[in-house]
Number of protein chains: 2
Amino acid sequence: MQTQLSCIIFVCMRNTVAKQAILEILYKSETALSQTEVQQILPQGFCNRVTIYRVLDRLVKENLIHEITNIDGVVKYANCKKCNKNHSHQHLHFSCENCNTVTCIKSVEPQFDLPKEYEIKKINFMVSGICPSCSR
Amino acid sequence: MQTQLSCIIFVCMRNTVAKQAILEILYKSETALSQTEVQQILPQGFCNRVTIYRVLDRLVKENLIHEITNIDGVVKYANCKKCNKNHSHQHLHFSCENCNTVTCIKSVEPQFDLPKEYEIKKINFMVSGICPSCSR
DNA sequence: TTATTTTTGCAACAAAGTTGCATTAATATT
DNA sequence: AATATTAATGCAACTTTGTTGCAAAAATAA
């Protein structure tokens, strides 16, 4: 099974209305979105909030989106449009205290060396402050 | 007012029993601790959990400890023993999926350049996986 | 068209964290 | 040393985020 949606091709997971809608929202969004924010964008009563959580989980597993834990602890999701193929997600994320948006800064990948005894599975590089639009 | 406690000198905040105990726990700990973990170390019924949250907040304001948002969204706190004087907290934190500990790796400070339009206030560099003790 | 398997909705729950307010404790003042 | 002041605490109630089990519905496969 293989289905085409606006920007990308995906396989494996069932192609439900909820999945299509949520994926489309994330691919159109310039910023990372939380479950709550996705729900606010979806038409009222479109689907249950648990469904949104579950769809987001599956999209992560399929490497179509990635998870970012914001500095306030809330998880946000961003599309993998310009992410590296290896899905390390080492790029920086900026969280604006003012407008409360989280943005992927895919051009900035902080470099570091960790002793090889550490087995790295996930990276979450988060910087918060005031974003360019809010600071002018 | 100025009081001496085991490792450091602090000013300003009232020197309560709860504060002393919590600060001491954090200065003796090799790993970052959550509110829940601090509570488990304190003697049973030592103080209310809300008090722990509030003491932790105040210790952060006084730059005696720093906040780390773990990859699972839970906030942990670590002492500032070997932190830079500027309190940027740019060092890496490692979260072990296995033993669920978060450790400051103060010797590793990932480097990056962000356009100056971004006003940086907080840094949260988090890497998760398997720590050395769990991987052997 | 039917069988199979995944997805969804619902209700209930859990964990982390916050708030308001009255009481208590620390510090400052006299 | 006694009292006044202000900060810290306890308690109860609440909010938000996220999770789980299970029956019903929807996708896909046969």
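We use all heavy atoms of the structure for the numbers below, so side chains are in, but hydrogens, waters and symmetry mates are not. The sequence lines fix the lettering, A, B, ..., with proteins before strands; numbering per chain opens at 1.
Between B:F112 and A:F112, the gap from one ring centroid to the other reaches at least 6.0 Å.
Look at CG on A:L56: it is 11 Å from P on C:dT8, rounded to the nearest Å. A:N48 places its CG atom 15 Å from the P atom of D:dG18, with the value rounded to the nearest Å. To the nearest angstrom, C1' of D:dT9 lies 14 Å from CG of B:L42. One can place NZ of A:K19 at 14 Å from P of C:dT6, the figure rounded to the nearest angstrom. In this structure, A:M13 atom CE and C:dT5 atom P are separated by 19 Å, rounded to whole Å. Atom-to-atom, OH of B:Y53 to P of D:dT16 comes out at 16 Å; the value is rounded to the nearest Å. We find that CZ of B:R58 is positioned 12 Å from C1' of C:dA25, with the value rounded to whole Å. Summarising the geometry, the separation between CG on B:N70 and C1' on D:dT17 is reported as 16 Å, rounded to the nearest angstrom.
Positionally, the nearest nucleotide of DNA chain C for B:Q35 lies more toward the 5' end than for the other of B:T16 and B:Q35. Both B:R49 and A:D57 sit near DNA chain D, but only B:R49 has its closest nucleotide nearer the 5' end. Taking the nucleotide of DNA chain C with the nearest heavy atom to each of B:K76 and A:I52, the more 5' of the two is matched to A:I52.
Under 3.5 Å, the side chain of A:R54 and the base of D:dG18 form no donor-acceptor pair of N or O atoms. Contact annotation: side chain of B:R14 to base of D:dT6, donor-acceptor pair present below 3.5 Å.
The main-chain N or O of B:S128 is never found under 3.5 Å from a side-chain atom of B:S95 such that the two would form a donor-acceptor pair. Formation of a donor-acceptor pair under 3.5 Å by the B:E24 side chain with backbone atoms of B:A21 is not found in this model. Side-chain N or O atoms of B:K81 include one that pairs as donor or acceptor with a backbone N or O of B:Y27 at under 3.5 Å.
Atoms CG and CG, on B:N79 and B:L64 in that order, are 10.0 Å from each other to the nearest 0.5 Å.
The side chain of B:V50 has D:dA12 as its nearest neighbour among C:dC10, D:dA12, D:dT17. Distance from the side chain of B:V55 is smallest for D:dT9 among the nucleotides D:dT9, C:dT7, C:dT18. Out of C:dA12, C:dG9, D:dT9, the shortest distance to the side chain of A:C47 is found at C:dG9.
End-to-end axis angle of the helix from C:dT1-D:dA30 to C:dT30-D:dA1, from C1' rotation axes over five pairs per end: 30° (rounded to 10 degrees).
Around CG of B:D113, the count of heavy atoms belonging to other residues, nucleotides or ligands within 6.0 Å does not exceed 12.
Look at A:S34 and you won't find any side-chain N or O under 4.0 angstrom from OP1 or OP2 of D:dT17.
In the hydrophobic clustering of this structure, B:L26 does not group with B:Y53; members are Ile, Leu, Val, Met, Phe, Trp, Tyr whose side-chain heavy atoms approach within less than 4.5 Å, directly or through other members.
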